[in-house]
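Here is the structure we will look at, set down as structure tokens.
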Amino acid sequence: MQTKGDLTREKVLSEAARLFHQKGFGATSINDVVAATGLKKGSLYFHFNGKDALALAILEKAKEEFLKFLDLSLSGATPGESLRHFFQGVLEKQKSSGFVGGCIFGNTALEMSDKDQRFSSFIKEVFTEWVEKLQRVISDAQASGEVRNDLPAHFLARHVVSTLEGCIMLARLEKDEKLFKNCLKSIEILIGLKE
């Protein structure tokens with residue numbers, strides 16, 4: 001059972017994540033978080049000693065949720081089916097947000113990686129884990145003849161992640177599901193994912 005303090009911490013994380021996602025880290029102030037949560041500054045600082053600590057806690061929670069999403073979505077009867085299931089999961093995630101906000105990890109990489117080593121190291125770790133999980137499935141798909149095998153699985157996995165991040169950014173700009181679907185189709189063609 002969660003304590004009142006746990007519930008307050010979760011509320012702060014949820015509201016701050018929403019604000020960071022909409023406005024960006026730099027444009028979101030502690031006063032914005034205080035206003036969104038209805039808490040006093042002292043209560044906020046009891047749980048997080050500043051905006052950086054709050055942002056890193058949000059990223060840690062987002063990472064946990066994302067890795068769970070990867071594990072669930074990268075599943076299927078065959079490696080190729082697992083990849084299709086993953087692509088469909090990414091599409092559904094973006095559709096459910098109305099193509100608003102983009103990817104918290106991509107956004108943070110663009111905004112913070114040149115400013116603060118803690119953020120760039122954290123985001124690099126997330127992307128490394130993502131690529132490694134994809135690489136394992138792609139390697140299996142190569143072995144089963146479901147994707148091209150003339151390029152290393154790691155190369156294809158990095159390509160998938162890079163292209164997906166670009167797709168998410170473009171869909172965020174244009175709010176266009178068709179654009180996102182076309183982007184996913186291009187990934188399938190480029191990795192040689194067989195029907």
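Atoms considered below: every heavy atom in the structure, side chains included; atoms not considered: hydrogens, waters and symmetry mates. Numbers here simply count residues along the sequence, with the first being 1.
Using modelled atom types, one side-chain atom of N107 and one backbone atom of G101 make a donor-acceptor pair closer than 3.5 Å.
Under the 4.5 Å side-chain criterion, counting only non-hydrogen atoms from C-beta, R172 is not in contact with V100. Between E165 and C103, the closest side-chain pair of non-hydrogen atoms falls below 4.5 Å. Side-chain contact between Y45 and I30 is present, with at least one heavy-atom pair separated by less than 4.5 Å. Using a 4.5 Å heavy-atom threshold, the side chains of F25 and D52 count as touching. Using a 4.5 Å heavy-atom threshold, the side chains of V160 and L83 count as separate.
L72 and I138 are assigned to two separate hydrophobic clusters, defined by single-linkage of ILVMFWY side chains at heavy-atom distances under 4.5 Å. Cluster membership check: F66 shares its hydrophobic cluster with L91, using side-chain heavy-atom separations under 4.5 Å among Ile, Leu, Val, Met, Phe, Trp and Tyr. In terms of hydrophobic clustering, with Ile, Leu, Val, Met, Phe, Trp and Tyr side chains grouped at heavy-atom distances under 4.5 Å, L54 and F46 are assigned to different clusters. Put simply, V126 and L56 are part of the same group of oily side chains (I, L, V, M, F, W, Y) that touch within less than 4.5 Å, one to the next.
Using a 30° and 60° split on the angle between ring planes, F99 and F180 fall in the tilted class, from 30° to 60°. The aromatic rings of F105 and F127 sit perpendicular, their planes meeting at an angle over 60°, well past the 30° parallel limit.
Using a 4.0 Å cut-off between charged side-chain N and carboxylate O, K61 and E10 make a salt bridge. Ion pairing between E15 and R18 holds under the 4.0 Å rule for side-chain N and carboxylate O. The residues K178 and D176 are annotated as not salt-bridged, no charged nitrogen and carboxylate oxygen being separated by less than 4.0 angstrom.
Between the CZ atom of F122 and the CD atom of E60 there is a distance of 4.5 Å, given to the nearest 0.5 Å.
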Inset, instruction - List the steps and the verdict of salt bridge (Lys or Arg N to Asp or Glu O under 4.0 Å) for E65 and K68. - result: CA-CA 5 Å; E65 291 170 359; K68 284 180 192 172; over 6 Å; no
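The neighbour count for D114 CG, taken as heavy atoms of other residues, nucleotides or ligands under 6.0 Å away, does not exceed 12.
For V12 against L39, the heavy-atom pair with the smallest separation is CG2-CD1, 3.3 Å. E146 and T78 make their closest contact through OE2-OG1, 2.9 Å (heavy atoms, listed as atom of the first residue, atom of the second, distance).
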